[in-house]
Participant: 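The structure is given below, and queries will be raised subsequently.
Below, each value reflects all heavy atoms present in this structure, side chains not excepted, and no hydrogens, waters or symmetry copies. All figures in this text were calculated on a predicted structure; none of them were measured in a lab. Both ligands and their constituent atoms are indexed starting at 1 by order of listing.
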Amino acid sequence: MGKVTGFMEFERLSEANLPVQDRVKNYKEFVLHLTDDQAKQQGARCMDCGIPFCTTGCPINNIIPDWNDLVYHQDWRNAIDVLHSTNNFPEFTGRICPAPCEAACTLNINNDPVGIKSIEHAIIDKAWENNWVTPQINPNKTGKKIAVVGSGPAGLAAAQQLARAGHSVTVLEKNDRIGGLLRYGIPDFKMEKSHIDRRMVQMEAEGVTFKVNQNVGENVSAAELERDYDAVVLAGGAEYPRDLPVPGRELDGVHFAMDFLTPNNKMVAGDTVPDQIKATGKHVIVIGGGDTGSDCVGTSNRHGALTITQFELMPQPPEKENKPLVWPNWPLKMRTSSSHEEGANRDWSITTKELIGENGKVKALKGARVEWKDGKMQEIPGSEFTIPADLVFLAMGFVAPVQKVLDAFGVEKDNRGNAKATTDGEGCYKTNKAKVFAAGDMRRGQSLVVWAIREGRQCAREVDAFLMGSSTLPR
Ligand SMILES: Cc1cc2nc3c(=O)[nH]c(=O)nc-3n(C[C@H](O)[C@H](O)[C@H](O)COP(=O)(O)OP(=O)(O)OC[C@H]3O[C@@H](n4cnc5c(N)ncnc54)[C@H](O)[C@@H]3O)c2cc1C
Ligand code: SF4
């Protein structure tokens with residue numbers, strides 16, 4: 001524990017953000033990591049709890065009190081080693097994780113939690129700045145070949161762990177660039193893509209081969225992979241979006257969120273994107289109140305939309321959680337993202353009844369207010385309204401993985417259409433097929449980057465044990 005009285009002396013400090021009027025002019029990151037002195041002070045707030053709830057709240061069980069202490073003592077070199085011991089990609093989570101560790105922090109019971117994510121961000125940025133992130137090359141090669149299908153955080157974490165265990169790993173990605181939703185979902189203003197590129201350089205040196213434009217189940221056959229590799233990891237994400245079956249859904253201007261976000265990331269990467277959906281000068285409606293919807297808001301603001309309105313079907317959550325009731329669990333409470341701060345009208349308990357068009361193009365949205373009683377939704381009589389809409393983005397979540405790749409391997413699915421594999425006990429992450437494993441959103445359904453990293457790491461251990469009889473990779 002750095003400073004015994006730190007939690008009483010110092011307030012939680014948020015990372016500085018560039019002003020809204022500057023940051024909406026481009027797609028660059030705008031969150032500035034803590035200075036050394038600030039990070040030291042924030043590290044001093046950690047109480048080094050006997051039972052560190054932060055560590056159990058974190059899906060990858062980051063050893064948070066230890067690196068808080070190391071940062072307090074300005075021992076950044078050891079801090080990154082401790083951080084990397086549980087997390088392959090802290091530069092991703094240090095930027096975009098919602099930080100369930102902070103919700104679980106003991107200090108959160110009667111104070112503001114330790115700024116764990118901001119300290120993580122500072123550690124990993126310093127490590128890259130000082131060239132401390134180098135390839136960990138295993139000189140003892142096993143001769144085993146593993147194919148990883150999908151290059152999101154789950155596939156990348158599995159691939160890196162397996163390469164470090166001495167296996168020859170090939171990552172097959174159907175898109176033209178590596179990274180999954182980190183690359184083609186999450187906008188650059190939340191996470192610039194150079195972070196993925198430099199990890200790829202590290203991983204290539206460690207023995208990972210990346211192949212793009214490889215659509216397994218389409219232009220690459222499942223049988224070929226089963227024949228040529230000793231094991232296959234399916235980490236294809238959960239890409240199938242939830243639709244909105246209302247009159248007018250077919251109108252021009254009504255799109256799934258990803259049809260807006262993915263081409264925008266390609267444009268930012270320097271690609272020419274024909275027929276890119278542009279929000280410039282338009283009335284934008286975003287349906288769905290989660291991360292994807294918030295990213296549509298941030299991107300629309302950068303396009304220069306005329307108005308942006310975000311509707312959510314569920315009621316408005318409370319401003320603050322009832323801490324004694326919910327701590328150390330993830331609380332339901334009002335969350336205002338940096339994209340919301342940049343400007344958007346938000347409304348809750350709204351159902352969409354119809355999308356109204358003119359000459360085949362959407363012109364307005366007809367909605368109504370609802371109330372929730374005993375978990376059931378009821379429309380409030382007389383609450384109907386109409387609002388202008390030139391673009392409507394459907395951001396209501398993702399229901400399942402694309403089934404084709406699972407069917408190509410003959411993998412059994414659970415009742416939600418995800419690859420069926422447990423996470424406990426012997427044979428976990430293994431599907432019904434002899435050497436086929438599954439991890440990340442493809443196994444657990446739509447989730448978070450940190451969960452994908454956890455599943456990739458744990459799955460790698462199971463693959464290693466399956467191939468070698470036992471594994472020294474961490475659980
Ligand atoms: C817009 C958006 C914003 C988000 N923001 C956040 C956030 O701020 N914080 C957070 O923690 N989480 C966020 N998430 C969720 C997070 O991105 C996902 O939970 C995470 O990326 C899942 O990782 P994954 O590796 O399982 O799958 P993915 O990242 O989806 O990667 C799967 C990859 O597999 C590839 N693939 C699929 N099928 C095949 C095939 N047949 N052959 C070859 N390749 C294939 C896909 O092209 C894709 O590249 C967001 C999600 C979205 C959509
Ligand atoms: S729960 Fe909070 S105060 Fe306790 S060890 Fe973790 S970060 Fe430090």
Side-chain angles (χ1 to χ4, degrees), residues 1 6-7 43 45-59 62-69 92-93 95-102 104-109 111 113-116 119 148-158 171-187 190-191 211-220 222 234-239 241 257-258 260-262 265 290-296 299 328 337 395 397-398 401-402 404-406 408 438-453 455-456:
M1 184 176 185
F7 69 98
R45 295 188 72 234
C46 175
M47 304 182 290
D48 192 11
C49 305
I51 299 172
F53 283 92
C54 53
T55 297
T56 37
C58 170
N62 277 335
I63 311 163
I64 293 161
D66 288 24
W67 39 262
N68 282 342
D69 182 54
F92 305 162
T93 45
R95 285 173 169 75
I96 55 173
C97 190
C101 55
E102 293 187 7
C105 172
T106 314
L107 203 49
N108 190 32
I109 298 175
N111 200 326
V114 173
I116 299 168
I119 297 173
V148 175
V149 179
S151 67
L156 292 179
V171 175
L172 301 131
E173 169 56 55
K174 74 172 158 54
N175 287 333
D176 59 352
R177 287 188 178 90
I178 294 295
L181 288 173
L182 296 167
R183 175 79 66 180
Y184 281 151
I186 293 165
K190 271 167 64 178
M191 196 193 102
K211 290 187 176 178
V212 293
N213 302 315
Q214 308 286 307
N215 196 336
V216 176
E218 298 258 350
N219 65 356
V220 179
L234 299 179
E239 296 185 295
M258 299 309 285
F260 178 52
L261 296 176
T262 303
N265 284 14
D291 272 342
T292 307
S294 158
D295 291 347
C296 289
T299 305
S337 73
F398 298 84
V402 173
K404 205 164 183 174
V405 63
L406 298 178
D441 283 7
M442 184 155 253
R443 194 204 65 77
R444 64 183 291 116
Q446 176 195 10
S447 186
L448 293 173
V449 168
V450 69
W451 278 103
I453 295 174
E455 295 225 343

Participant: Measure the distance from atom 5 (S) of ligand 2 to every protein heavy atom, then report the residue, atom name and distance (to 0.1 Å) of the closest one.
Facilitator: C49 N, 3.4 Å

Participant: Non-hydrogen atoms of S151 versus ligand 1: any pair closer than 4.0 Å?
Facilitator: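 Judged by the 4.0 Å heavy-atom criterion, S151 does count as contacting ligand 1.
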
Participant: Going by heavy atoms, is W451 under 4.0 Å from ligand 1?
Facilitator: no

Participant: With backbone taken as N, CA, C and O and side chain as the heavy atoms from C-beta onward, which portion of K404 lies under 4.0 Å from ligand 1: side chain, backbone, both, or neither?
Facilitator: neither

Participant: Heavy-atom contacts under 4.0 Å between D295 and ligand 1: side chain, backbone, both, or neither?
Facilitator: side chain

Participant: Under 4.0 Å between a Lys/Arg side-chain N and an Asp/Glu carboxylate O for E239 and K174?
Facilitator: yes

Participant: Heavy atom of L182 under 4.0 Å from ligand 1?
Facilitator: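 In this structure, L182 fails to qualify as a contact of ligand 1 - no heavy atom is under 4.0 Å.
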
Participant: Of the protein's non-hydrogen atoms, which lies at the shortest distance from atom 37 (C) of ligand 1, and what is that distance?
Facilitator: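 Protein heavy atom with the smallest distance to atom 37 (C) of ligand 1: G236 O, 3.2 Å.
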
Participant: Which bit of K190 is near ligand 1, meaning a heavy atom under 4.0 Å away: side chain, backbone, both or neither?
Facilitator: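 For K190, only side-chain atoms sit under 4.0 Å from ligand 1.
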
Participant: Among all protein non-hydrogen atoms, which one is nearest to atom 25 (O) of ligand 1, and what is the separation to 0.1 Å?
Facilitator: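 Checking every protein heavy atom, the shortest distance to atom 25 (O) of ligand 1 gives A154 N, 2.9 Å.
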
Participant: In the protein, what heavy atom is nearest to atom 34 (O) of ligand 1, and what distance, to one decimal place, separates them?
Facilitator: G150 CA, 3.2 Å

Participant: What atoms of ligand 1 come closer than 4.0 angstrom to any heavy atom of G185?
Facilitator: 1 (C)

Participant: Tell me the contacting part of A452 for ligand 1: side chain, backbone, both, or neither, using a 4.0 Å heavy-atom threshold, strictly below.
Facilitator: side chain

Participant: Please classify the V405 to ligand 1 contact at 4.0 Å (heavy-atom distances, strictly less than): side chain, backbone, both or neither.
Facilitator: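 It is the side chain that gets close, since no backbone atom is under 4.0 Å.
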
Participant: Within the structure provided, determine whether M442 and V149 are in side-chain contact (heavy-atom separation under 4.5 Å).
Facilitator: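 No, too far: nothing below the 4.5 Å cut-off.
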
Participant: Got an N/O contact under 3.5 Å between P153 and ligand 1?
Facilitator: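 Right, the criterion is met.
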
Participant: Given L182 and I96, is the side chain to side chain contact (heavy atoms under 4.5 Å, CB included) satisfied, shown in steps?
Facilitator: CA-CA 10 Å; L182 296 167; I96 55 173; 3.8 Å; yes

Participant: Please could you name the atoms of ligand 1 that F398 approaches to less than 4.0 Å, counting only its heavy atoms?
Facilitator: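 With F398 as reference, the close atoms of ligand 1 come out as 53 (C).
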
Participant: Starting from atom 22 (C) of ligand 1, what is the nearest protein heavy atom, named by residue and atom, and what distance separates them?
Facilitator: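 It is D441 OD2, 3.2 Å.
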
Participant: Does ligand 1 have any atom sitting under 4.0 Å from a heavy atom of E218?
Facilitator: no

Participant: Select one of side chain, backbone, both or neither to describe which atoms of Y184 lie under 4.0 Å from any atom of ligand 1, heavy atoms only.
Facilitator: neither

Participant: I need the atoms of ligand 2 closer than 4.0 Å to a non-hydrogen atom of T106, numbered in the order shown.
Facilitator: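 Those of ligand 2 that fall under 4.0 Å from T106 are 1 (S), 2 (Fe), 4 (Fe).
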
Participant: Which ligand 1 atoms are under 4.0 Å away from a heavy-atom of G180?
Facilitator: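 The list of qualifying atoms is 29 (O), 31 (O), 48 (C), 49 (O).
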
Participant: I want to know if ligand 1 touches V449 in the polar sense, i.e. an N/O pair below 3.5 angstrom.
Facilitator: yes

Participant: Would you say A238 and ligand 1 have an N/O pair spaced under 3.5 Å apart?
Facilitator: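 No; every N/O pair is 3.5 Å or more apart.
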
Participant: Does the N219 side chain pair with the main chain of N213, one donor and one acceptor, at a distance under 3.5 Å?
Facilitator: yes

Participant: Which heavy atom of the protein is the closest neighbour of atom 29 (O) of ligand 1, given with residue, atom name and distance?
Facilitator: L181 N, 3.0 Å

Participant: From atom 8 (Fe) of ligand 2 out to just under 2.8 Å, does an N/O/S atom of C46 turn up?
Facilitator: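 So C46 does bind atom 8 (Fe) of ligand 2 by this criterion.
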
Participant: To which protein heavy atom is atom 3 (S) of ligand 2 closest, and what is the distance rounded to 0.1 Å?
Facilitator: M47 N, 3.3 Å

Participant: What protein heavy atom lies closest to atom 9 (N) of ligand 1? Include the residue and the distance to one decimal.
Facilitator: I96 O, 2.8 Å

Participant: Test of understanding: given a 4.0 Å heavy-atom threshold, classify the contact between V149 and ligand 1 as side chain, backbone, both, or neither.
Facilitator: side chain

Participant: If the cut-off is 4.0 Å to any non-hydrogen atom of N68, which atoms of ligand 2 fall inside it?
Facilitator: 7 (S)

Participant: Quick test: of every protein heavy atom, which one is nearest to atom 2 (Fe) of ligand 2, and how far off is it to 0.1 Å?
Facilitator: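 Going atom by atom, the protein heavy atom closest to atom 2 (Fe) of ligand 2 ends up being C105 SG, 2.4 Å.
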
Participant: Can you tell me if, anywhere in C54, an N/O/S atom lies at a distance from atom 6 (Fe) of ligand 2 that is smaller than 2.8 Å?
Facilitator: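 So C54 does bind atom 6 (Fe) of ligand 2 by this criterion.
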
Participant: Looking only at protein heavy atoms, identify the closest one to atom 49 (O) of ligand 1 and say how far it is in Å.
Facilitator: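 For atom 49 (O) of ligand 1, the nearest protein heavy atom comes out as E173 OE1, 2.6 Å.
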
Participant: Using a strict cut-off of 4.0 Å, indicate which atoms of ligand 1 neighbour a heavy atom of L261.
Facilitator: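 Within the 4.0 Å cut-off of L261, ligand 1 contributes 1 (C).
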
Participant: What part of A235, side chain, backbone, both or neither, has a heavy atom within less than 4.0 angstrom of ligand 1?
Facilitator: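 A235 to ligand 1: backbone contact only, side chain stays beyond 4.0 Å.
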
Participant: What verdict does the side chain to side chain contact (heavy atoms under 4.5 Å, CB included) test give for K404 and N215, after you've listed the backbone C-alpha separation in whole Å, the side-chain angles of each residue and the deciding distance to 0.1 Å?
Facilitator: CA-CA 10 Å; K404 205 164 183 174; N215 196 336; over 6 Å; no

Participant: May I ask you to identify the nearest protein heavy atom to atom 44 (N) of ligand 1, giving residue, atom name and distance to one decimal place in Å?
Facilitator: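 For atom 44 (N) of ligand 1, the nearest protein heavy atom is K174 N, 3.1 Å.
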
Participant: Should you measure from each heavy atom of P65, which atoms of ligand 2 turn up under 4.0 Å away?
Facilitator: 5 (S)

Participant: So which bit of V402 gets within less than 4.0 Å of ligand 1, heavy atoms only: side chain, backbone, both or neither?
Facilitator: neither

Participant: Short N/O distance, under 3.5 Å, between V216 and ligand 1?
Facilitator: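 Indeed, backbone or side chain, V216 has an N or O that close.
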
